[in-house]
Q: 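Can you read through this structure? Questions will come right after.
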Amino acid sequence: MKSHLIYLFLGAQQINSDPATPPSLKYFESTTTTPEGATYVLHLDKARRMFSPDSELQSISGTYDASTSALTEGADWAGNFWTQNSYGFGFAAASFLPNAVTSWLQTSYLWWYNNAGDGSQRYGGLNDVPAGMLCDNGSPNLCNFMQCAEGREAILRKQRFEGEHFSDHNNLHDTAALGHDFIIEGTLAGTIMQAEMLLATRNVTGAKNFFLPIMRQTSDFLETRRVQDSSALTPGAAGLFFAGAGANLLAPAFGGQGLPAGCLSNSSCGTEFFPECCQQLGFSYLTGLTITYTGVLDRLIALEEMVYPDGRNCTRGQTCLSVFQARRQNNVDSIAAVTAIMESTNTSYLIKSLSPDGEKHGVYSKPVVDCLPDQPCPPATRHGYFETSPNVDAIALNVVSKDLKKDFYDSMQSINGISPCGFTVPNFPDYDDAACTAENVGNCYVYGTWVSGGSWSTLEGRVILAHIDQRRYDLALASMSRIIYPYAELFKLDNPIAHMGCGPGMYGQGKGKEGPQLTVDIFGIPAAFVRGLLNVRYSSGFGMTIVPRLPSGVSKIRQKFPVRWGELSMFFTLVGNGGDAVTAVTIDGVDCPQCLNKNEAEEALFAWEDVQGADGGAVSVVITIGSGEGGGDRESTSTVNYSLGSEENDEWLQSEKERQLFNSTILSDNCKVNATIEDWAANATEFLTKLEANELTKTREYLHVGEFFAALNASASRCEGRLSGEISPLPQEPEKWSVDYDMSYSQEEAETYFEDVYGRLWRGLGTQIATYARENASDEQLAVLSLWWGIDVDASFKELNENQRRQELKRAIKMKEEELKLLYVEAM
């Protein structure tokens, strides 16, 4: 156990001063040639550490909710899960998330899909939720289909009996602006996240029987919003999508087309007889729908090929595959209508939206004033701001050509002010057309605080993917290093990060905010930083595409944790020095010439049939980029250990097994756990042993217990590290924070965080298993329940119920005995 505690401390060690000597790492091995390369790898390791319980950093397990055994938004919104807030994380992390976390995340996604629109739900007074519409935020029995709006601020409550309507009121809305549309782009983001998980896990049954039918409804709904004809005012607009206020991802930043009362178009605004202020919000052609829907269609095409390899008909004479392909082409053909030219670079970029009268929203003009955090930042011209999300999403989702990706990225980087402190803000300068501006209802706070100019980590994750795609490793590293300090090291990981990303989070300031803050949004940043190394794409045709990106100063890097593809574990090593082309691929030491993409030299291709029968369910993949490690010819890669995937998998599984060891007798007196936690650990160990004996090691519960032990060990290591000085106390906050913001911190509450996580994981395990006490539970669930209750694994449901009643009776008797003892003591 002692060595196990040391193992958990490794992530705290610093970079060796010799640039060729890599730092001590937990999840990577590397050869670096520059300090910058070593720093990049160190932050890769820190990023991956945030997805398993860690002794220094808050991890994704900190957003786990024990009452639902799922991930939730966290902070002030625990119990709900938002599509827009989780998008950066859910999209980027699907390929490498630990299996236990994947099971929790799937439960969260089911809140959107179990409550998905079916065309008849009563929501805010109308029975009109479109089939395939997902939630803005969902929970087990609740769903908001809008951001919301006055008169439409209802939250769907799942029907408890047939014919029951849904409740008409809630307090979980961001604005009460009139005329809000459904959360369409949020639905598309949710579709991408769920599709990524289905493709990563190769869940053919789930896709076929549940998810694909709903995803097709989502696609069919989008087609009802497709613009059928262009006009003289909107040339080339046929194929775009019209939407109303709040239909975008970071709602309510999109206000549709603002129309003064009585006006036919915006061209009337302010003219004789017409008012200045917009009082109605009409439909406009939202660019984000075209981009994100194209990403959806790519994944629907891949799912169709995975689930229906022989094809199936969706319409008369047309396969679903051909339908989705045709819809994608319509999207591609319409993109030019929502582009503009950046004057300073003569490069194209995507605008935010196009109004039916031809007015473009988001055609950038340089502000006439310097825009500083917490100061007004008005656009110089009408709608003269730059909109980040469609431009970076086009790159991150790989839905446009390489030339267009470069154009969009160069246009964004030419704007002085889009990234004032390392994070890229969603727009620059301020909006003058959002659904919550002073011109209509309410406000969006001062620029730089919330949806206008505030830094959102869910978006920043996709920005990082764009940085890495365009080989701006310095900017990707700047973003990742900034989330580590000050935010992660000060335990202030809330969102949005206010003050244009230059200050603390919007909700982590003020009285009563001394303790740790954590929201699921922030995991978009580390997830994207890890994903960017390989940029795994579960694609049509070949099945998996890898687009490796090896930063300058790193000549070799081995990823010690697996990439998931079905039940296959893939362990990747990248070697290279100079050039971007993939020049060689080996699988378990054997050359794979068919893995080279003849049409795109920067990619490696993997077909499922080439790897699915791998020995031990794992393969080791070495990708050579350019001339290989150290330069020169191919022979320079001979220093690579072409190990078998089964060997790397054994090493990985052994390290995971070590996380399940716990021996409190070796802990210092100040770090000893109490009797209750000792009992938890003993019961968990016994439960693991029983699961192993009954060959139930792939169950959700087995994986969950592993995460519980990892969290328990992380807490113990944290305590030991604080005592020994290996782990430092909270650092000093940035000087500007101490002067300008109302911030407070608590070392004690930071330490308590680690205890709270393993406590929630233990309670949540019991909550999850208790749900199996039902007549329609699967055989596997009943077996787990039996082992948890300590009775025969082959017991019938009736026997299980009888045992449960006996256990409840024993607990009640014990409680009464304790009460009687107290009464006796008081009487004496």
Side-chain angles (χ1 to χ4, degrees), residues 230 232-240 284-292 294 331-355 357-371 377-420 422-433 453 459 462-476 478-479 549 580 600-602:
S230 302
L233 297 174
T234 58
L240 297 175
S284 184
Y285 309 153
L286 178 60
T287 305
L289 296 186
T290 299
I291 297 304
T292 310
T294 306
N331 288 2
V332 172
D333 293 342
S334 66
I335 286 177
V338 283
T339 60
I341 299 296
M342 186 68 66
E343 292 184 4
S344 61
T345 56
N346 196 34
T347 52
S348 62
Y349 63 95
L350 293 168
I351 62 172
K352 181 181 184 178
S353 62
L354 173 67
S355 289
D357 64 2
E359 184 176 34
K360 292 186 173 183
H361 295 237
V363 177
Y364 175 72
S365 294
K366 184 178 180 181
V368 295
V369 299
D370 291 333
C371 292
C377 184
T381 57
R382 181 177 166 88
H383 313 326
Y385 54 83
F386 179 87
E387 182 78 352
T388 299
S389 62
N391 289 279
V392 298
D393 286 344
I395 301 170
L397 293 170
N398 192 44
V399 297
V400 295
S401 68
K402 290 177 68 174
D403 289 341
L404 280 179
K405 286 200 289 186
K406 186 177 187 307
D407 262 20
F408 297 169
Y409 187 81
D410 289 348
S411 295
M412 180 178 72
Q413 291 306 120
S414 72
I415 298 173
N416 183 21
I418 196 72
S419 181
F423 298 141
T424 299
V425 293
N427 59 292
F428 182 82
D430 200 358
Y431 293 128
D432 59 358
D433 57 359
L459 171 61
R462 286 127 56 202
V463 171
I464 287 176
L465 291 175
H467 287 328
I468 296 174
D469 181 89
Q470 296 297 299
R471 295 180 178 80
R472 285 303 305 269
Y473 305 112
D474 57 328
L475 297 181
S479 179
R549 288 288 188 264
D580 301 315
E600 180 49 72
E602 297 178 5

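Treat the numbers as computed from the prediction; the structure is a model and nothing was measured.
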Q: Are side-chain N/O atoms of S411 and T347 paired as donor and acceptor at under 3.5 Å?
A: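 Yes - a donor-acceptor pair under 3.5 Å links their side chains.
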Q: What is the minimum heavy-atom distance between I468 and A476, and which atoms define it?
A: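 Scanning both residues completely, I find the closest heavy atoms to be CG1-CB, 3.7 Å.
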Q: Hey, is R472 close enough to D474 for a salt bridge, meaning N to O under 4.0 Å?
A: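 Here R472 pairs with D474 in a salt bridge, since their nearest N and O are under 4.0 Å apart.
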Q: Is any side-chain heavy atom of T339 closer than 4.5 Å to a side-chain heavy atom of Y349?
A: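 Sidechains of Y349 and T339: no contact.
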Q: Mark yes or no: K366 above the aromatic ring of F428, with NZ or CZ under 6.0 Å from the six-membered ring centre and no more than 45 degrees from the axis.
A: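 Verdict for F428: no cation-pi partner in K366.
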Q: Nearest heavy-atom pair of G422 and S419: which atoms, and what distance?
A: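 In this case the closest contact between G422 and S419 is C-OG, 3.6 Å.
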Q: Indicate yes or no for a side-chain donor-acceptor contact from S401 to the backbone of L404 under 3.5 Å, with no hydrogens or angles considered.
A: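 A pair under 3.5 Å: yes.
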Q: Does a side-chain heavy-atom distance below 4.5 Å link Y285 with S355?
A: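 No, their side chains stay 4.5 Å or more apart.
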Q: Side chain of R549, backbone of D469: donor and acceptor closer than 3.5 Å?
A: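 Here the side-chain-to-backbone pair exists.
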Q: Are side-chain N/O atoms of Y385 and D433 paired as donor and acceptor at under 3.5 Å?
A: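 Side chains of Y385 and D433: pair found under 3.5 Å.
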Q: Using atom types as modelled and distance alone, determine if a side-chain donor or acceptor of S230 lies under 3.5 Å from a backbone N or O of A238.
A: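 Checked: pair present.
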Q: Just verifying a value: how many Å separate T290 OG1 and L240 CG, rounded to the nearest 0.5 Å?
A: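 Answer rounded to 0.5 Å: 5.0 Å.
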Q: Could you give me the CA-CA distance, side-chain angles and deciding distance for D580 and R471, then say whether side chain to side chain contact (heavy atoms under 4.5 Å, CB included) is met?
A: CA-CA 10 Å; D580 301 315; R471 295 180 178 80; 3.2 Å; yes
Q: Taking all non-hydrogen atoms of both residues into account, name the closest pair between P235 and A337 and its distance.
A: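 Answer, listing the atom of P235 first, then A337: O-CB, 3.8 Å.
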Q: Could you give me the CA-CA distance, side-chain angles and deciding distance for F386 and V363, then say whether side chain to side chain contact (heavy atoms under 4.5 Å, CB included) is met?
A: CA-CA 6 Å; F386 179 87; V363 177; over 6 Å; no
Q: Side-chain contact, heavy-atom cut-off 4.5 Å: L459 with T388?
A: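 Yes - at least one pair of side-chain heavy atoms lies under 4.5 Å apart.
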Q: Could you check whether any side-chain N or O of N427 sits under 3.5 Å from a backbone N or O of E387, counting only pairs where one atom can act as donor and the other as acceptor?
A: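 No, because the side chain of N427 does not come within donor-acceptor range (under 3.5 Å) of the backbone of E387.
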Q: So do the side chains of R462 and L397 get within less than 4.5 Å of each other, counting heavy atoms only?
A: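 A side-chain contact under 4.5 Å is absent here.
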Q: Donor-acceptor check, side chain of D430 to backbone of P378, threshold 3.5 angstrom: yes or no?
A: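 Flag not set: sc D430 to bb P378 has no pair under 3.5 Å.
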Q: Is the centre of the H467 ring less than 6.0 Å from the centre of the Y409 ring?
A: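 Under 6.0 Å, so yes.
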Q: With the side chain counted from C-beta on, respond yes when I291 and I335 share a heavy-atom pair under 4.5 Å apart, and no when they do not.
A: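 Yes, close enough: below the 4.5 Å cut-off.
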Q: Could you grab the distance from atom CG of L475 to atom OG1 of T424, nearest 0.5 Å is fine?
A: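 One gets 7.5 Å once the value is rounded to the nearest 0.5 Å.
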Q: Without hydrogens or angle criteria, can the side chains of T294 and N331 be said to hold a donor-acceptor pair below 3.5 Å?
A: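 Per modelled atom types, T294 and N331 side chains form a pair under 3.5 Å.
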Q: Run the salt-bridge test on R382 and D432 with the 4.0 Å N-O cut-off and return the result as yes or no.
A: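 Looking at R382 and D432, the cut-off is not met.
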Q: Might you point out which heavy atoms bring S479 and I464 nearest each other, and give the distance in Å?
A: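 Minimum heavy-atom separation between S479 and I464: OG-CD1, 3.5 Å.
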Q: Would you say that K352 contacts Y431 through its side chain, given a criterion of any heavy-atom pair below 4.5 Å between the two side chains?
A: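 The answer is yes, as the side chains (C-beta and beyond) meet within the 4.5 Å cut-off.
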Q: Can you see which heavy atom on G384 is nearest to which on P429, and at what distance?
A: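 Closest approach of G384 to P429, heavy atoms only: O-CD, 3.6 Å.
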Q: What's the separation between atom CD1 in I341 and atom OG in S348, rounded to the nearest 0.5 Å?
A: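 Answer for the CD1-OG pair, I341 versus S348, is 5.0 Å.
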Q: Hey, mind stepping through Q470 and K405 against side chain to side chain contact (heavy atoms under 4.5 Å, CB included) and telling me if it holds?
A: CA-CA 8 Å; Q470 296 297 299; K405 286 200 289 186; 3.9 Å; yes
Q: Determine whether more than 12 heavy atoms belonging to other residues, nucleotides or ligands lie under 6.0 Å from atom CD of E343.
A: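 Check fails, neighbour count at 12 or below.
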Q: State, with a plain yes or no, whether a side-chain heavy atom of Q413 is found less than 4.5 Å away from one of T345.
A: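 Heavy-atom side-chain distance check fails, nothing below 4.5 Å.
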Q: Any donor and acceptor pair, going by atom type alone, linking the side chain of T287 with main-chain N or O of I351 inside 3.5 Å?
A: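 Between the backbone of I351 and the side chain of T287 there is a qualifying donor-acceptor contact (under 3.5 Å).
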Q: Should S353 and V338 count as side-chain neighbours, where that means a heavy-atom distance under 4.5 Å?
A: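 S353 does not reach V338 side chain to side chain.
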